[in-house]
2 protein chains.
Amino acid sequence: MADLDVLAPDSGRLAERLARLSEYHDSTLPGWSREVFSESYRASREWTRSLFAEAGLNPTVDAAGNIIGRLPGRAGGGPALVTGSHTDTVQNGGRYDGIVGVLAGVEVAQRLRETGTRLDHDLVVVDFLGEEANEFGISCMGSRAVAGTLTADHLDRVDGTGLRLGTAMERFGSDPDAALGQAWGPSDVHGYVELHIEQGPLLERSGHGIGVVTAIAGIDRLLAHFAGRTGHAGTTPMGDRHDALVSAAAAVLTVERIACGAPVHGVATSGHIQSTPGSMGVITDQARLWAEIRSVDGSWLHGARRQIVEEIAAETRARGVELDVEWLSDQDPVPTAEAVRDVISGAAEGLGLSWRAVPSGAGHDAAHLARLGPMGMIFVPSVDGRSHCPEEMTAPEDIATGTHVLAATLVQLDKSPARAL
Amino acid sequence: MADLDVLAPDSGRLAERLARLSEYHDSTLPGWSREVFSESYRASREWTRSLFAEAGLNPTVDAAGNIIGRLPGRAGGGPALVTGSHTDTVQNGGRYDGIVGVLAGVEVAQRLRETGTRLDHDLVVVDFLGEEANEFGISCMGSRAVAGTLTADHLDRVDGTGLRLGTAMERFGSDPDAALGQAWGPSDVHGYVELHIEQGPLLERSGHGIGVVTAIAGIDRLLAHFAGRTGHAGTTPMGDRHDALVSAAAAVLTVERIACGAPVHGVATSGHIQSTPGSMGVITDQARLWAEIRSVDGSWLHGARRQIVEEIAAETRARGVELDVEWLSDQDPVPTAEAVRDVISGAAEGLGLSWRAVPSGAGHDAAHLARLGPMGMIFVPSVDGRSHCPEEMTAPEDIATGTHVLAATLVQLDKSPARAL
């Protein structure tokens, strides 16, 4: 695999681009915030587009707002090799999540051009719009549009200010109605591979430089509404209360307890409690809790979802508090393609690198792309397992290594007949 | 007690004034919100002052912002009989809490004048500034100033926007520095009696029209800060988490559990959880919980306060979350004067009314006035025990009855020598 050595990335260039992109963040917010539809995100995407152009990828922006670059292959069209990720962040997020995958895709394409290495298939690099969870309760907006799973219902979702997602997309310059009709088909995709930081501690703990992802966790997100009764905090006997905040707090512990008891991979997290009236001296009558459950094991996820609602319902009933649970999203676990996993682990071994199989607790654009063709993911270690926070970090050499494995994987997939994937 | 019949209040006038005052509320907020320092409160106090003048009470406004009316007695000065309450509300509050006591005081004074009934002592009626809990964490601002327990430290407290209490008072037209030096002395007060709605269910449940208050609950208010560690909600194993929201939720249940287990009168309430980053997909690193404990039993209150902190500390330690507990205020229980209780119950019996002894779970201006002389409180029933909510209600006939008992009590106290109180 001597030809793979020449495809080693320019790690200085990669690091410099990472630093450049991180300059686009909302300076009024903590961390490296570049949330979807924000001004900093809008500005960053101009830069990203110019980077795609600089790398020779002739970028276009589709109706959903995805930035799409293409390096033509020898075959002149047909199913493409696709790679990419996203460049939006959560609020108070980091500089690596998603970004590494986009910049690595550009780097691989640029190295192919610079070395005169031509693939048979077109290589398509995508910066997918808005992958992170947001106030509309709908993540992976761009990759859903490509996979054909963005729906008119999604566009009617509203954020905390009552703004429709469709309207937000229009204001951002996208064409949401056209985005509903622009799905790719299986004949467009030979294979999809995404490089991403692990965002967890497994690779660092076991000392492996490369993670071969087995499956992407399914995610169920809920919004629980608790309706109790307000009253004076000094004069209402404890036994007469219907305190919505206490019920929401009990639900937070239920959510945690059910995930802690999972015999398989599973996590559950409460994001936020909003309550009114929220004054000292007054019992809370209305509370809302946002929470989520994740697992790569679909049957556990399904059971945990039912169990959480049952236990919260029993608890609120006992307190005379009314409960309404709304499921904001549910996404089944998505296994990666076995053949793509084999190509990735083979590529890592070919470069003399240690690898291990890992689950992905996080959702990814790759989960949606899996509808279009064989899908795989490459993880690189996260320092201290941290992500979605300003301290998020992956060593430059690990990013370079991951990018090299991505290149080697794409080269090998290029040679693999579709029937073998 | 034939002379007491003529002092029966004009219940139509009382009801009309209650309705008039309720028109002053912040229409951008739910309920009957008239919070201290708000525009609606400012406007309402102009009206209250004119009402005092109409009743012949020659109102003045002291440095703290209290509206003070005086009906001179035959003795020409000396210790006065004092009554009153407050007209501010909590956010989303009701139309009776505090207001009934101020309007009843005015009504008693007006009936005394109208019937040519002269007391020996001056009768002083006060609308105390800002009794309700507020964002500065300091309730009963006006009665504290009168009792000499408003301090320079209080004036330095800030609200959520960083505004100093002293500055807020200045903007409202008060003179906070002078308010620190305007305390009354024991020689100013012959006795203090306050009529108030019960705000709880005891009188309604037992079918008594009049409550004779045994003691006013002590209140300890706390702000607990939880500092955990943020991270990705999908990739951080449950066992690796330091989730500040889970610790805050557990604290809410601890606060409730300790009050539910009280063998004496005791309640505890969590008001609000504030947490960051508060996004879906991210573990909470910072949470703050406001909570309070109340009891008329000082020793239980003291123990509960210690127990709550110990249990929350143990829980947060177990999760690797850091805890800092700040006590915003602590107020010991205040017993009413036995002699004043006897006068109130005697007055009720003289009017042929049923009464019972009740604790006051709520704090009141009366707790501060008790420093200056013998203090008592008269409660009237709250429909369904509700208060601090828009549904707060006391029947017009119950308000009239309470006002009549207030008049009879003041007349009897007027005849009681100071040594008997």
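Chain identifiers are assigned alphabetically (A, B, ...) following the order of the sequence lines, protein sequences preceding nucleic acid strands; residue numbering begins at 1 within each chain.
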Counting heavy-atom pairs under 4.5 Å to chain A, which of Gln274(B), Arg221(B), Met280(B), Gln91(B) comes out on top? Met280(B)

Taking every heavy atom of Val267(B) against every heavy atom of Arg241(A), the minimum-distance pair comes out as CB-NH2, 3.5 Å

Looking at every non-hydrogen atom in both residues, tell me the closest pair between Gly271(B) and Ser275(A) and how far apart they are. O-OG, 4.4 Å

Which bit of Ala249(A) is near chain B, if near means a heavy-atom gap under 4.5 Å: side chain, backbone, both or neither? both

Under a 4.5 Å heavy-atom cut-off, does chain A meet the side chain of Ala262(B), its backbone, both or neither? neither

Heavy-atom proximity to chain A below 4.5 Å, by part of Ile293(B): neither

Looking only at Pro277(B), Ala133(B), Cys260(B), most heavy-atom pairs under 4.5 Å shared with chain A are made by Cys260(B)

Nearest-0.5 Å distance, CD of residue Glu315(A) to CG of residue Leu253(B): 7.5 Å

Cut-off 4.5 Å, heavy atoms of chain A, and the answer for Ala217(B) is neither

Is chain A contacted by the side chain of Ala248(B), its backbone, both, or neither, given a heavy-atom distance below 4.5 Å? neither

Flag the one option from Gly234(A), Gly94(A), Ser382(A) with the top tally of heavy-atom pairs under 4.5 Å to chain B. Gly234(A)

Quick check on Ala268(A) against chain B: is it the side chain, the backbone, both or neither that has a heavy atom closer than 4.5 Å? backbone

Non-hydrogen atoms of chain B under 4.5 Å away: do they reach the side chain of Leu202(A), the backbone, both or neither? neither

Nearest heavy atoms of Gly266(A) and Met238(B), plus distance in Å: O-CG, 4.0 Å

Which pair of heavy atoms, one from Glu292(A) and one from Ala233(B), lies closest together, and at what distance? OE2-CB, 3.4 Å

Distance col, row Ser270(B):OG vs Ile283(A):CD1, nearest 0.5 angstrom, shows 11.0 Å

Approximate separation, where rounding is to 0.5 Å, of His388(A) NE2 and Asp285(B) CG: 14.0 Å

Tightest non-hydrogen contact, residues Leu245(B) and His272(A), listed as CD2-N, 3.7 Å

Most contact-rich option vs chain B, by heavy-atom pairs under 4.5 angstrom, among Gly385(A), Gly93(A), Pro201(A), is Pro201(A)

Please step through salt bridge (Lys or Arg N to Asp or Glu O under 4.0 Å) for the pair Arg229(B) and Glu391(A), ending with a clear verdict. CA-CA 11 Å; Arg229(B) 203 168 98 153; Glu391(A) 297 83 1; over 6 Å; no

Starting from the C-alpha separation in whole Å, work towards a yes-or-no answer on side chain to side chain contact (heavy atoms under 4.5 Å, CB included) for His232(B) and Arg386(A). CA-CA 7 Å; His232(B) 192 292; Arg386(A) 303 197 67 184; over 6 Å; no

Would you sort out whether Asn92(A) and Val282(B) count as a side chain to side chain contact (heavy atoms under 4.5 Å, CB included), showing the intermediate values? CA-CA 10 Å; Asn92(A) 197 28; Val282(B) 191; over 6 Å; no

Against chain B, work out which of Glu256(A), Glu392(A), His265(A) has the most heavy-atom pairs shorter than 4.5 Å and name it. Glu256(A)

For the interface with chain B, which of Thr236(A), Thr284(A), Val90(A), Asp240(A) has the highest count of heavy-atom pairs at distances below 4.5 Å? Asp240(A)

Specify the closest pair of heavy atoms between Thr235(A) and Glu198(B), including all atoms of both residues, with the distance to one decimal. CG2-O, 3.6 Å

Under 4.5 Å, counting heavy-atom pairs only, tell me which of Pro390(A), Gly278(A), Cys389(A) racks up the most with chain B. Gly278(A)

Under a 4.5 Å heavy-atom cut-off, does chain A meet the side chain of Asn134(B), its backbone, both or neither? neither

